[in-house]
Amino acid sequence: MSLAKRNQAKSIDLERPHTCDFCQKSFVKESTLVTHSCEPKRRWQNQNQQEVKLGFAAWQMFHTSISPRSGTKAKKTYQEFCASSVYGAFVKFGSWCVENRAQEFECWVKWLLDHNIKIDAWCNTQQYQQYLADLLLSEKSEQAVGRGLGTINQWAQETRKPWTSFFQDVNINVAVRWIQEGRISGWLLFNAPSSEQFFLRCTPEQLTLIEKTLPIRKWKIMFLRHQQESLAIRDTLKESGL
Ligand SMILES: [Zn+2]
């Protein structure tokens with residue numbers, strides 16, 4: 001490099017030495033760069049927020065679904081997500097899922113993709129209820145029972161009561177809400193021996209609400225179709241004391 005060129009490079013560096021890595025804007029003072037805020041930088045800084053993580057995960061699933069062959073390539077990066085025009089829409093969806101306590105996030109995104117619903121229409125309560133009804137009757141029993149036991153364990157920790165006393169001691173209104181939210185599935189509710197006492201404590205109105213989420217006729221058919229599985233779960237729950 002000639003001396004003139006070297007001097008020129010040096011003088012440019014000295015004039016504008018502090019450049020934002022995200023938007024490439026340059027600043028004379030370092031302190032201005034530190035306090036500087038721009039959309040790409042904000043997106044980068046927010047990457048560990050729950051709604052952003054969910055939005056990013058959904059966006060990755062969306063890309064895998066539209067180009068299945070790219071699964072063999074490296075997954076899309078967070079940087080690519082930040083630069084995407086649908087960043088805002090996916091993060092909004094992530095927030096919606098946090099607020100509405102969406103259950104089994106991956107199944108939910110897969111359901112939306114399978115139904116060819118456009119991202120702008122993903123935050124929709126009616127649609128979510130439809131998904132939840134489908135999920136409860138189609139998911140694997142292990143997933144359903146695992147989710148229910150997780151909910152019961154959380155209840156036991158918060159109330160400092162033994163988890164096996166859940167159906168005797170839980171506040172009925174709270175439990176009905178958890179059933180409506182899909183957190184306690186028919187696989188657990190109808191197979192736990194102590195749930196008989198729970199049903200005795202319910203009012204007719206509460207039983208109607210439960211029936212709406214978990215239609216007993218459909219569940220009876222399900223248990224007949226998966227008789228051995230159902231009996232095995234019943235035995236395990238009985239042994240555990242629930
Ligand atoms: Zn910037």
Side-chain angles (χ1 to χ4, degrees), residues 1-132 135 143 147 150 154 181-183:
M1 194 189 277
S2 73
L3 190 62
K5 265 197 179 163
R6 207 183 300 163
N7 278 344
Q8 195 187 15
K10 206 177 163 191
S11 73
I12 286 168
D13 277 357
L14 280 173
E15 265 174 31
R16 303 219 141 183
H18 306 293
T19 306
C20 173
D21 288 337
F22 303 97
C23 67
Q24 314 307 322
K25 254 191 189 172
S26 293
F27 302 93
V28 180
K29 283 195 212 160
E30 192 184 359
S31 59
T32 317
L33 172 66
V34 171
T35 55
H36 155 76
S37 183
C38 59
E39 187 56 23
K41 186 177 176 183
R42 260 196 302 277
R43 289 180 178 186
W44 184 257
Q45 287 170 331
N46 289 344
Q47 63 180 300
N48 288 321
Q49 289 180 2
Q50 185 62 8
E51 66 272 23
V52 178
K53 280 201 225 169
L54 291 177
F56 179 43
W59 182 74
Q60 280 185 320
M61 285 179 70
F62 165 72
H63 269 284
T64 311
S65 78
I66 52 169
S67 49
R69 273 185 302 160
S70 72
T72 48
K73 284 191 224 156
K75 269 194 173 175
K76 291 256 179 194
T77 64
Y78 183 73
Q79 221 160 345
E80 287 173 294
F81 180 47
C82 287
S84 149
S85 61
V86 287
Y87 175 94
F90 274 92
V91 171
K92 188 179 157 211
F93 171 69
S95 298
W96 190 92
C97 291
V98 172
E99 275 167 34
N100 292 276
R101 308 175 65 103
Q103 301 297 312
E104 306 298 348
F105 179 77
E106 280 193 19
C107 297
W108 171 214
V109 175
K110 197 176 173 301
W111 188 93
L112 289 162
L113 294 170
D114 288 348
H115 286 75
N116 281 319
I117 294 161
K118 293 244 156 58
I119 174 65
D120 295 326
W122 279 21
C123 308
N124 178 310
T125 306
Q126 222 177 334
Q127 207 162 251
Y128 177 74
Q129 290 304 326
Q130 183 55 53
Y131 148 76
L132 201 59
L135 174 84
Q143 177 172 291
R147 187 170 68 249
Q154 206 183 330
E181 288 175 354
R183 297 172 67 188

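Heads up: numbering here begins at 1 and tracks the sequence. All ligand and atom numbering here is 1-based and tracks the order in the structure.
Relative orientation of the Tyr78 and Tyr87 rings is perpendicular, given thresholds of 30° and 60° on the angle between their planes.
Taking a cutoff of 4.0 Å between a charged side-chain nitrogen and a carboxylate oxygen, Glu39 and Arg43 qualify as a salt bridge.
Heavy atoms from other residues, nucleotides or ligands lying under 6.0 Å from NZ of Lys41 number more than 12. More than 12 heavy atoms of other residues, nucleotides or ligands lie within 6.0 Å of CD in Gln24, so this atom counts as buried by the packing criterion.
For Phe56 and Phe90, the ring centers are positioned 6.0 Å apart or more. Ring pair Tyr128/Tyr131: centre-to-centre distance below 6.0 Å.
Below the 2.8 Å limit, the Zn ion (ligand 1) has as protein N, O or S neighbours Cys20 SG, Cys23 SG, His36 NE2, Cys38 SG.
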